[in-house]
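One structure is given below, encoded as structure tokens.
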Amino acid sequence: MSGTLKRTVQDAFDEPACATNRAKSATARKAGCAKPLTPGAAAGGCAFDGAMITLQPIVDVAHLVHAPLACSGNSWDNRGSASSGPMLYKTGFTTDLTELDIVMGRGERKLYRAIGEIVEAHAPPAVFVYATCVTAMTGDDIAAVCKAAAQAFATPVIPVEVPGFAGSKNLGCKLGGEMMFRHVIGTREPAHTTDTDINIIGDYNLSGELWQVKPLLDRLGIRILGSLSADARYRQVAQMHRARVTMLVCSHALQGLARKLEETYGIPYFEGSFYGISDTSAALRNLCALLVERGASADLLDRCEALIAEEEAKVRAALEPYRARVTGKRVLLYTGGHKTWSIVSALQELGVEVVGTSVRKATDNDKARVVQVMGTEAHMYENMAPRDMYATLKASGADMLMSGARSQFVALKARTPWIDVNQEKHEPYAGYMGMVDLVRAIDRSVNNPMWAHLHRPAPWETTRPRVVRASVEDRARAADRPPGQDRRGSDDPADPSRDFEDC
């Protein structure tokens, strides 16, 4: 690891806005936040994967992975981030380094040539070049190549020097935000600004969730000036420094970026969520209050309250037919980050009982909110092995498991309904109407009639009465015909010859 990368990683670990870090001593803070991994255990995504997750939803940019083919193939499109326009982010670009390229030192020349081909074929507003373990270890000077290519091709070429061995996926998310702060934010000025311009950080428009919230902001006259990186354009990232307020959705990964925007450009930030009726209303109120403090018209607060009253009445009416079908159902929630508390709050509004929630990748603030929402910390799980998850499902009498795709097989083994609430999900659950989508998903999963059949004992698990078969002579005598007479054509339903067991 180069000295520059070491310093960048250390700065990411030494986050002054993090409550956990503030509670540590100076010596403990230098040790960082990463937990040692158990040998042989799956470590989840690497730092490169985290950077791709954070930046790939910038939809008009060409994302070029400088590596052998596997790095690009394994990281491409691993989140369901949706775009309302450009689809260039769906194209996987890679330099496809071979062993011969690495041995002969052709990596930098191949990278320069690839950038030129992308600019000529697609004319993107920018090209992001991602370092990987291989190219970091071979010493390719990606920053120098990007600088030369930007001058030659008159296109911004941004080095994202976050190789996989730098750390975990979460660290990669932080470093991806750091690369944007260093190389992109502040490089463009918006055509015009308003008193209601905002940044949204940490939302990725999974399955189009941002589009369930944006109409509410439009009705209030609030403009999303900058985004990292929900349905974002390169210019939106470049002009984030001119926003009035920042809303931080995923605090654990990009809190450092929000803090730096506040310290450098004076943009205050707050943490909020668009999951659940109450949390969506609270987020809108906080946004409007901060905007008014920064100079927006005072009537924004009144318009916000009117909008909230109208939308809450509408969504509660839409939820009423489902309430009796989901009230009292029990759920085990296994997710991470801000969803550990925001989804709990949303479920409780539906009358669903949460028997436990994980606090993976959750900050101290997240954990405090879980305690506040649930009233206890007794049912918070830091991490659960599949065996423990299975045991918890059975012991708690949970009616369903809500988690990411990797846990669905535990629910399958437990014969329990499963609902995807993680990054791979195909339904949006944000905003007011997202609650209706969520309750529909719960209803059709938990109340599916297949579960009644599935929970019945299998045929081989039940004791069936023993069938005593009559002899051919006895049956012929009962039918008043001589033995051996052809029995076909009998219309008597009681005729044993019609029983499939005699076939």
Side-chain angles (χ1 to χ4, degrees), residues 8 51-64 81 83-89 91 93 115 118-119 122-130 142-143 145-162 173-205 210 214 217 222-250 253-269 294:
T8 302
M52 284 289 289
I53 283 173
T54 301
L55 304 181
Q56 194 172 16
I58 303 174
V59 297
D60 58 348
V61 166
H63 299 272
L64 173 60
S81 301
S83 170
S84 61
M87 299 299 292
L88 187 60
Y89 76 117
T91 302
F93 297 103
I115 296 171
I118 290 172
V119 172
H122 301 279
V127 179
F128 287 3
V129 177
Y130 296 82
I142 290 179
V145 175
C146 290
K147 183 177 180 181
Q151 294 174 349
F153 305 123
T155 300
V157 184
I158 310 303
V160 183
E161 298 186 90
V162 188
C173 295
K174 295 180 181 181
L175 298 182
E178 176 65 21
M179 297 300 108
M180 295 300 97
F181 185 79
R182 292 183 182 181
H183 302 295
V184 180
I185 295 173
T187 59
R188 288 192 181 186
E189 294 295 331
H192 70 282
T193 59
T194 71
D195 291 337
T196 54
D197 289 341
I198 67 168
N199 292 325
I200 293 184
I201 295 179
D203 182 85
Y204 304 106
N205 197 32
L210 177 68
K214 190 175 182 300
L217 301 178
I222 296 174
R223 181 175 68 154
I224 302 177
L225 179 71
S227 173
L228 194 68
S229 51
D231 191 18
R233 311 300 192 266
Y234 177 75
R235 59 175 173 77
Q236 285 185 287
V237 182
Q239 61 196 26
M240 290 178 73
H241 63 298
R242 294 306 182 197
R244 309 292 289 178
V245 173
T246 296
M247 178 175 174
L248 182 61
V249 177
C250 188
L254 292 170
Q255 188 174 34
L257 176 61
R259 174 185 58 82
K260 288 185 177 182
L261 286 172
E262 183 176 48
E263 293 176 352
T264 307
Y265 300 106
I267 306 172
Y269 73 92
R294 299 296 313 282

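Predicted model only: the values in this text are computed from it and were never measured.
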Side chains of His183 and Pro156: does their closest heavy-atom pair fall under 4.5 Å?
no

When you look at Glu189 and His241, which way does the side-chain contact (heavy atoms from CB on, under 4.5 Å) test go after all the steps?
CA-CA 9 Å; Glu189 294 295 331; His241 63 298; 3.0 Å; yes

Measure the shortest side-chain to side-chain distance between Thr8 and Met179 over non-hydrogen atoms and say whether it is less than 4.5 angstrom.
yes

Heavy-atom distance under 4.5 Å between the side chains of Leu248 and Gln255, does that happen here?
yes

Arg223 side chain to Thr193 side chain, donor-acceptor N/O pair below 3.5 angstrom:
no

Just wondering, do Val127 and Phe153 contact through their side chains at under 4.5 Å, heavy atoms?
no

Contact between Ile158 and Leu55 at the side-chain level, heavy atoms closer than 4.5 Å - yes or no?
no

CZ-OG distance between Arg235 and Ser227, expressed to the nearest 0.5 angstrom:
11.0 Å

Test your reading of the model: is there a side-chain donor-acceptor pair from Asn199 to the backbone of Met240, 3.5 Å cut-off?
yes

Looking at side-chain heavy atoms only, is the closest gap between Leu257 and Ile185 below 4.5 Å?
yes

Looking only at non-hydrogen atoms, find the nearest pair between Pro124 and Ile118 and report the distance.
CD-O, 3.9 Å

Partner of Leu64 by side-chain contact (heavy atoms from CB on, under 4.5 Å), out of Val160, Val129, Val157
Val129

For the pair Tyr130 and His63, name the ring-plane relationship: parallel under 30°, tilted 30 to 60°, perpendicular over 60°.
tilted

Nearest-0.5 Å distance, OG of residue Ser84 to NZ of residue Lys214:
8.0 Å

Tyr89 side-chain N/O to Ser81 backbone N/O, donor-acceptor pair under 3.5 Å:
yes

Any donor and acceptor pair, going by atom type alone, linking the side chain of Thr196 with main-chain N or O of Thr194 inside 3.5 Å?
no

Can you find a heavy atom in the side chain of Arg233 that is under 4.5 Å from one in the side chain of Pro125?
no

Please report the closest heavy-atom contact between Val61 and Ala126, naming both atoms and the distance.
CG1-O, 3.6 Å

Applying side-chain contact (heavy atoms from CB on, under 4.5 Å), run through Ile201 and Leu261 and close with a yes or a no.
CA-CA 11 Å; Ile201 295 179; Leu261 286 172; 3.8 Å; yes

Nearest-0.5 Å distance that lies between atom CZ in Arg294 and atom CD1 in Ile198
13.0 Å

Arg244 and Asp197 ion-paired at < 4.0 Å
no

Pairwise side-chain contact, Tyr204 with Thr54, heavy-atom cut-off 4.5 Å (strictly under)
yes

Check whether Asn205 reaches the backbone of Ser83 with its side chain - one donor and one acceptor, N or O, closer than 3.5 Å.
no

Arg242 versus Pro190, closest heavy-atom pair with distance:
CG-CD, 3.6 Å

What's the verdict on side-chain contact (heavy atoms from CB on, under 4.5 Å) for Leu88 and Phe93, showing C-alpha distance, side-chain angles and the deciding distance?
CA-CA 10 Å; Leu88 187 60; Phe93 297 103; 3.9 Å; yes

When you look at Ile224 and Asp231, which way does the side-chain contact (heavy atoms from CB on, under 4.5 Å) test go after all the steps?
CA-CA 11 Å; Ile224 302 177; Asp231 191 18; over 6 Å; no

Closest non-hydrogen contact found for Pro268 with Glu262 is CA-OE2, 3.5 Å

